[in-house]
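The next block holds one structure in the form of structure tokens; read it before the comments.
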Amino acid sequence: MPYQQALESYIAATNSHDFNNVKEILHPQAVYWFSDKTCITLEEIGAYFNNAWNLIKEEIYSATNVQWLTVDEQSATCIYTYHYEGYHNRKFVSGSGRATNIFTVLNNEWKLIHEHLSS
């Protein structure tokens, strides 16, 4: 799978609302920097995702303006604008922010090792 497809697979996994699907794309040592929290274990990352999916029902996550800043045989870094929409307390909500993703190769597969989101 090329690195670009790794990002597409990650977004699709996120939109499945099943952390087991997201976990398949993650490096075991992944670190997430959210606007309000840092998660340094897969358990913390999973709890954060599950909480977000519980708060925003039927959430759809997407990326626009993807720019690949660095790419080599072992790593690929991109920045993009993320968008979300869904229902919070039965009211439609949407928003966007900035994202940085770093992918690395592990066992011949691209894995997400770092994500930094800011609103």
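Atoms CD and NZ, on Glu44 and Lys37 in that order, are 5.5 Å from each other to the nearest 0.5 Å. Taken to the nearest 0.5 Å, the CG atom of Leu112 stands 8.5 Å off from the CD1 atom of Ile102. Between Ser96 atom OG and His83 atom NE2 the span is 5.5 Å, to the nearest 0.5 Å. The distance from atom CD of Glu8 to atom CD of Gln5, rounded to the nearest 0.5 Å, is 6.5 Å. Remark: Ile11 CD1 to Ser16 OG distance equals 12.5 Å, nearest 0.5 Å. The distance from atom CD of Glu115 to atom OH of Tyr82, rounded to the nearest 0.5 Å, is 9.0 Å.
Between Tyr80 and Asn65 there is no side-chain heavy-atom pair separated by less than 4.5 Å. Proximity of Ile113 to Phe103: side-chain heavy atoms (C-beta onward) are nowhere separated by under 4.5 Å. Between His17 and Glu59 there is a side-chain heavy-atom pair separated by less than 4.5 Å. Here the side chains of Leu7 and Asn101 are in contact, with some heavy-atom distance below 4.5 Å. Between Leu117 and Trp33, every side-chain heavy-atom pair lies at or beyond the 4.5 Å cut-off. For the pair Thr104 and His27, the minimum side-chain heavy-atom distance is below 4.5 Å. Within the 4.5 Å cutoff, the side chain of Pro28 has heavy atoms near those of the Leu106 side chain. Annotation: side chain of Thr77 is in contact with side chain of Thr100 (closest heavy-atom distance under 4.5 Å).
In this structure, Phe92 and Glu85 approach most closely via the heavy-atom pair CZ-CB, 3.7 Å. Here the shortest heavy-atom pairing between Tyr87 and Glu58 reads CE1-OE1, 4.0 Å.
Between Phe49 and Phe19, the distance from one ring center to the other falls under 6.0 angstrom. Taking the six-membered ring for Trp, Tyr61 and Tyr84 have ring centres at least 6.0 Å apart.
Lys111 places a side-chain N or O within donor-acceptor distance of the main-chain N or O of Glu24, the cut-off being under 3.5 Å. Using a distance-only test at 3.5 Å, with no hydrogens or angles considered, no donor-acceptor pair links the side chain of Ser119 to the main chain of Gly97. Without hydrogens or angle criteria, Ser9 side chain to Ala6 main chain gives no donor-acceptor distance under 3.5 Å. Side chain of Asn51 to main chain of Ala47: no donor-acceptor pair is present (N/O by atom type, distance under 3.5 Å, no hydrogens or angles). One N or O on the side chain of Asp18 and one on the backbone of Asn20 form a donor-acceptor pair closer than 3.5 Å.
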**Request:** Evaluate the criterion side chain to side chain contact (heavy atoms under 4.5 Å, CB included) for residue pair Ile79 and Arg98; output intermediate values, then yes/no.
**Result:** CA-CA 7 Å; Ile79 58 174; Arg98 299 180 299 176; over 6 Å; no
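Using bins of under 30°, 30° to 60° and over 60° for the plane-to-plane angle, the ring pair Tyr32/Tyr10 lands in the tilted bin. Taking the six-membered ring where the residue is Trp, Phe34 and Tyr48 present parallel rings, their angle staying beneath 30° rather than reaching 60°. Classified by interplanar angle (parallel below 30°, tilted 30° to 60°, perpendicular above 60°), the ring pair His116/His114 is tilted.
At most 12 non-hydrogen atoms from other residues, nucleotides or ligands lie less than 6.0 angstrom from CD1 of Ile40.
By the criterion of side-chain heavy atoms lying less than 4.5 angstrom apart, applied directly or through intervening Ile, Leu, Val, Met, Phe, Trp or Tyr residues, Val22 is grouped together with Tyr3 in one hydrophobic cluster.
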